[in-house]
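Scroll down for the structure; my scribbles are underneath it.
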Amino acid sequence: MKLATAAQMRELDRKAIEERHIPSIDLMERAAAEVAQAALDLLPDKPSKCRAAVFCGPGNNGGDGAGAARLLFLMGLKVRVFLAGDYDRLTPDAMEEAGRLSECGVELEPFDPEDRSQAAWARSCHVVIDALFGVGLSREIAPDSKFAAAISLINSCKGAVIAADIPSGVEADTGRVLGRAVKARRTVTFSLPKIGQAAGEGAVLSGRVSVHDIGIPAALVREVPCPVQTVEADFAKAALPPRKADGHKGDFGKVLVVGGAVGYTGAPYLTASAAVRSGCGLVYLGVPESIWEIETVRCVSAMPFPLEDRRGALSRKAASALLERLADCGVLAIGPGLGRSESTRQLVLEVLQKTEKPVVLDADGINALEGHIDILDQRRGRVTILTPHGGEFARIGGNPAGDPVGAARAFAKEHGCVLVLKGHRTVTAGPQGNVLVNTTGNSGLAKGGSGDVLTGLTASLLAQGASPVMAAAGAAWIHGRAGDLAAAELTEYCVTPEELIAAFPRVFSELQGD
């Protein structure tokens, strides 16, 4: 699903109004109707027994709110509408909606943060509509402003909060909170979803997002070029390489997993297990000699082998043996549980420089690039997939704070790699500037070892023939979906990385059955 920016939505509105001659007030009326319907859907009782509070700003978003308030009043609700802004600054369409509302006997009340009766009314309402700011907000909300006070009041209400287009205070292009923001149960957005509703803090604050047609011609909507999209089930299905009916294990890819150190024996095992469980034909596991026996006991399907170590971690001297083994494999996954010794760091850098094979780099494999990002740049033209969390990303020069989509895109383009920035909504960015935002997963994945599973899954899909971006983004979706299925059975508290792998068959079965 395409994700739009604020500028793209402004241009879409302009084309509809100026080129297709659709009256702007008609677009606003349809938007208001969709917001009102969402409010009706959330009422706990008959409209005549329910109350609604609508908070408006002076812009067109406020006009949407005023229009929705009128419709709800006509349907029997008791409605009060609060204007957190100057009446004389209303846009022409918002002024028109205010007039139509007034004709029904409901006035825009100036919002007063000190008025206890307004606060008491809002807190007694069954639904609260946020129409303070639309997608055009790009500045911080002043903490001592009426808008900030209105947002605080909305967030203190027990009724269902509905955001018109986007929760006020969320930046549409990034998901960043501009000082403070409304937390909505549901967001009713128009024509196209916005980046800020799918990424960053905005993904949490938006609640359930629904996209509604307000009369802009579908052809115009289709023409909007959106390099940022969400990853849905159909994408993940397309990322699954086909399996030959008469294939043998050599036809389904060979992955070499390298990782582990004394005290970190679980990580490489999880990576190798995920690769096996997701269809890879052969999986080799290279670990320090000091933990080789442990991995040998654990592994049944993956094939562990020892590499020279130094004080319980891989030695740089293991590079030649590692590269020799890699010559017969299609993909290298390196980093899980590797540790951060100097000798190990030198090993990683040497291997990255010398191998032409695709590499999935995770955990301490990524940390090895700190201060040596030139090694990554030297691999431009070769396939390198990095899977950092925010801290690891920051160590190699990334800055995900506030704008994970923009930061991931900039890094991937600059360094010619595929970047999988892990988080609540994992972001996959390709070297050409395309970005995919994942839509699956939950807090049960926020446990040590979950990332190791993702690394093995990504390497497996890549080795089986998926393109780098498809493998990375498809793996993120499958990984998150496995977490959702496991959490539904076990709760988010009790999901473990092993149970993610155990849920793979159900996810793959779903995808094949679509």
Side-chain angles (χ1 to χ4, degrees), residues 1-38 56-68 70-71 85 89-100 129-139 162-168 170-176 178 187-199 202 206 209-230 232 403 405-406 409 432-437:
M1 184 167 56
K2 298 196 297 186
L3 299 174
T5 65
Q8 287 173 322
M9 295 310 302
R10 285 193 295 270
E11 178 63 8
L12 191 58
D13 286 345
R14 185 198 67 77
K15 286 183 177 180
I17 295 165
E18 296 181 8
E19 298 178 9
R20 298 299 181 91
H21 309 293
I22 300 172
S24 58
I25 192 66
D26 289 356
L27 299 178
M28 185 172 285
E29 277 289 295
R30 293 183 185 120
E34 297 295 347
V35 173
Q37 184 59 55
C56 297
N60 282 342
N61 191 247
D64 297 339
R70 184 186 82 252
L71 295 173
R89 298 189 66 180
L90 289 175
T91 63
D93 284 343
M95 183 71 76
E96 174 64 23
E97 290 290 359
R100 294 180 183 185
I129 295 174
D130 159 36
L132 293 169
F133 294 107
V135 299
L137 183 67
S138 60
R139 66 186 185 280
I162 301 166
D165 211 8
I166 195 166
S168 294
V170 171
E171 189 172 44
D173 292 359
T174 66
R176 181 169 65 102
L178 297 169
T187 295
V188 177
T189 199
F190 313 123
S191 300
L192 285 168
K194 314 328 183 260
I195 294 171
Q197 295 162 346
S206 296
V209 179
S210 55
V211 184
H212 299 265
D213 173 17
I214 59 170
I216 294 177
L220 290 181
V221 177
R222 286 195 298 269
E223 290 172 1
V224 178
C226 294
V228 182
Q229 301 187 30
T230 58
E232 311 288 346
D403 186 9
V405 167
R409 173 196 279 163
Q432 305 303 317
N434 53 318
V435 180
L436 294 154
V437 182

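Atom CD of E232 has more than 12 heavy atoms from other residues, nucleotides or ligands within 6.0 Å.
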Under 3.5 Å, side-chain donor or acceptor atoms of residues 16-25 against the rest of the protein: list the pairs with distances, not counting sequence neighbours.
from, atom 1, to, atom 2, distance (Å)
E18, OE1, R14, NH1, 3.1
E19, OE2, R14, NH2, 3.1
S24, OG, D93, OD1, 3.4
S24, OG, D93, OD2, 2.6

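When atom types are taken as modelled, the side chain of N61 and the backbone of A164 share a donor-acceptor pair closer than 3.5 angstrom. Judged purely by atom type and a 3.5 angstrom limit, K2 uses its side chain to pair as donor or acceptor with the backbone of R222. A donor-acceptor pair is defined here as one N or O able to donate and one able to accept, closer than 3.5 Å; no such pair exists between the side chain of T174 and the backbone of D403. Checking side-chain atoms of S168 against main-chain N and O of F133 turns up a donor-acceptor pair under 3.5 Å. Distance alone, capped at 3.5 Å, places no donor-acceptor pair between the D64 side chain and the A66 backbone. A distance-only check finds no donor-acceptor pair linking the side chain of D165 to the backbone of T189 [under 3.5 Å]. Under the 3.5 Å distance criterion, the side-chain polar atoms of R409 are matched with a main-chain donor or acceptor of G433.
Contacts of S206 classified as side-chain contact (heavy atoms from CB on, under 4.5 Å), with partners at least two apart in sequence or in another chain: P167, T187, Q197, V209.
Taking OG of S191 as the reference point, atom CG of D213 lies at 6.5 Å (rounded to 0.5 Å). One finds the CG atom of L3 at 6.0 Å from the CD1 atom of I195 (value rounded to the nearest 0.5 Å). Note that CZ of R30 is 12.5 Å distant from CZ of F190, once rounded to the nearest 0.5 Å. The CD1 atom of I162 sits 12.0 Å away from atom CD of E34, with the distance rounded to the nearest 0.5 Å.
Salt bridge present: R100 and E96 bring a charged side-chain N and a carboxylate O closer than 4.0 Å. A salt bridge links E29 with R70; the closest basic N to acidic carboxylate O contact falls under 4.0 Å.
Residues K194 and T5 have side chains that never bring a donor and an acceptor to within less than 3.5 angstrom of each other.
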(Q) Walk me through whether N60 and M28 qualify under side-chain contact (heavy atoms from CB on, under 4.5 Å). (A) CA-CA 8 Å; N60 282 342; M28 185 172 285; 3.5 Å; yes

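Heavy atoms only, all atoms of each residue included: R10 and G136 are closest at NH1-CA, 4.2 Å.
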